[in-house]
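Input: a single structure, listed below in structure tokens.
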Amino acid sequence: MNRVTFKPRDTTGAHTQASESESVSRGAQPQPPQKKVPQKTSKPLIARMGLALAFSAWVIAAFIGAQLLLVAVLYGVNQLDSAALSGINETVLQTVISALVYALSLGIAAGIPWVALKSQRLTWTDLGFSEALPSWRDIGLAPVVFVVSLVASTLALFIATQVLPGLDLQTEQQIGFDNVTQRYELLMAFLTLVVLAPIFEEVLFRGYLYDRIRRYVSVVWTVIITSLVFGLMHLYAGPDYPLQWNVMINTTVLALCIGALRAYTGNVWAGILVHMLKNGVAFFVLFVMPMLGISLV
């Protein structure tokens, strides 16, 4: 007599298939990928703030170190041949030096940690280029935020005059371009001030520094710290010039607005456009209007 064995019915697979079929029948849509958010460490707040400030100090040191290095190179060239630099147009030389300072400072700030520490490797997203090109949103936001920054800067300077009446807020900003008279000199100054400076400064401060600090503190603190660092970088113009308090206030407020854009858009494109607009207006007032015989006074 054959023995009959009863096996329990496996309903797990059937239940799973039924659930999947039910989900499909109900028109369930796949969930979109979540946006990558920088992960903060579990260190205490004071330790995280210390790391954020350390990165800020490192970027400042990289920028100053790049300038000192180029000064040393130029000094050495001049010592070897005093006539080597005399034949170069002053505006052209200033353009080349500015481009080298920007590239070298970014290379030092991001490159040395890249080589020394595996944890500091970078991607284009880390530098603020989560999108290859600016979107229409970035282009549309730029003029709006530019106007907001102008109003906010004017208000901040007014408040500063009321709170600190003895502070000199009329200092003329030193931009490094004097005696620009020829068209090609005007083009060189435009290339440096309106194109190169916004791109490199935004990548360095709202790209690299923003990403490094955001790993340790909140987005609000990240915007505040990067903005203060950016403003402080514009305070000192050299041993022969007074401190530019008005320029520092102006650039700090501008940086706060651009930093908010960086947090909102997730990239540096809108900030670059705002920075270009700001420098472009200043360029027109400082260089183009005098050539056209137009005076604001």
Side-chain angles (χ1 to χ4, degrees), residues 58-78 84-112 127-129 171-209 226 229-244 246-248 250-252 254-255 258 268-269 271-288 290-291:
W58 168 245
V59 168
I60 294 174
F63 196 82
I64 296 175
Q67 296 181 70
L68 293 177
L69 181 60
L70 283 178
V71 168
V73 170
L74 293 175
Y75 177 79
V77 171
N78 190 60
L85 301 176
S86 60
I88 303 177
N89 179 271
E90 181 180 347
T91 303
V92 174
L93 182 61
Q94 180 64 44
T95 299
V96 173
I97 291 175
S98 298
L100 290 175
V101 166
Y102 288 133
L104 189 57
S105 59
L106 182 58
I108 293 173
I112 292 180
L127 293 176
F129 294 104
T171 306
E172 182 179 354
Q173 183 177 2
Q174 301 300 318
I175 57 177
F177 286 92
D178 300 318
N179 303 319
V180 176
T181 57
Q182 303 298 321
R183 289 185 177 180
Y184 78 92
E185 293 177 331
L186 193 67
L187 179 61
M188 289 291 179
F190 178 87
L191 177 64
T192 303
L193 300 174
V194 184
V195 180
L196 293 180
I199 292 176
F200 275 101
E201 289 181 1
E202 290 308 312
V203 172
L204 181 60
F205 291 97
R206 254 69 61 183
Y208 173 76
L209 183 58
T226 54
V229 172
F230 187 72
L232 286 173
M233 294 294 292
H234 291 79
L235 177 62
Y236 181 73
D240 299 326
Y241 302 99
L243 295 178
Q244 304 178 128
N246 54 327
V247 178
M248 188 202 76
N250 189 3
T251 52
T252 300
L254 175 68
I258 295 178
V268 296
W269 285 118
I272 289 175
L273 295 176
V274 173
H275 205 148
M276 284 182 171
L277 282 173
K278 188 262 182 186
N279 285 14
V281 171
F283 177 85
F284 181 81
V285 172
L286 294 174
F287 294 99
V288 178
M291 288 186 173

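None of the values given here were measured: they were computed from a predicted structure.
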Checklist outcome for this item: What one should report as the nearest heavy-atom pair of L286 and I175 is CD1-CD1, 3.9 Å
Item to check | Spacing of I108 atom CD1 and I64 atom CD1 [to the nearest 0.5 Å] | outcome: 11.5 Å
Item to check | Non-hydrogen side-chain atoms of L74 and I97 separated by less than 4.5 Å | outcome: yes
Checklist entry - Is there a side-chain contact between Q173 and N246 (heavy atoms, below 4.5 Å)? => result no
Next on the checklist: Between W58 and A109 (side chain of the first, backbone of the second, donor and acceptor by atom type, cut-off under 3.5 Å), is there such a pair?
Outcome noted: yes
Item to check | Residue pair T171 / P242: nearest heavy atoms and the distance that separates them | outcome: CG2-CG, 3.9 Å
Checklist entry - Are side-chain heavy atoms of V274 and L254 found at a separation under 4.5 Å? => result yes
Checklist entry - Does Y236 reach the side chain of L243, with side-chain heavy atoms less than 4.5 Å apart? => result yes
Item to check | Those residues that, when tested against S98, pass side chain to side chain donor-acceptor pair (under 3.5 Å) (two or more places apart) | outcome: Q94
Checklist entry - Taking only residues two or more places apart in sequence or in another chain, which ones pass side chain to side chain donor-acceptor pair (under 3.5 Å) with T192? => result T95
Item to check | Distance (rounded to the nearest 0.5 Å) between H275 NE2 and F230 CZ | outcome: 4.5 Å
Next on the checklist: Does any part of the side chain of L186, heavy atoms only, come nearer than 4.5 Å to the side chain of M291, both counted from C-beta?
Outcome noted: yes
Checklist outcome for this item: Here the salt bridge (Lys or Arg N to Asp or Glu O under 4.0 Å) pairs for residues 174-203, sequence neighbours left out, are E202-R206
Next on the checklist: Tell me which one of F287, F177, Y184, F283 satisfies ring pair (Phe, Tyr, Trp, His ring centres under 6.0 Å) with F190.
Outcome noted: F283
Next on the checklist: Tell me whether Q67 at atom CD has more than 12 heavy atoms from other residues, nucleotides or ligands lying less than 6.0 Å away.
Outcome noted: yes
Item to check | Note, L204 side chain near F63 side chain (heavy atom, < 4.5 Å) | outcome: yes
Checklist entry - Between I60 and V229, is any pair of side-chain heavy atoms under 4.5 Å apart? => result yes
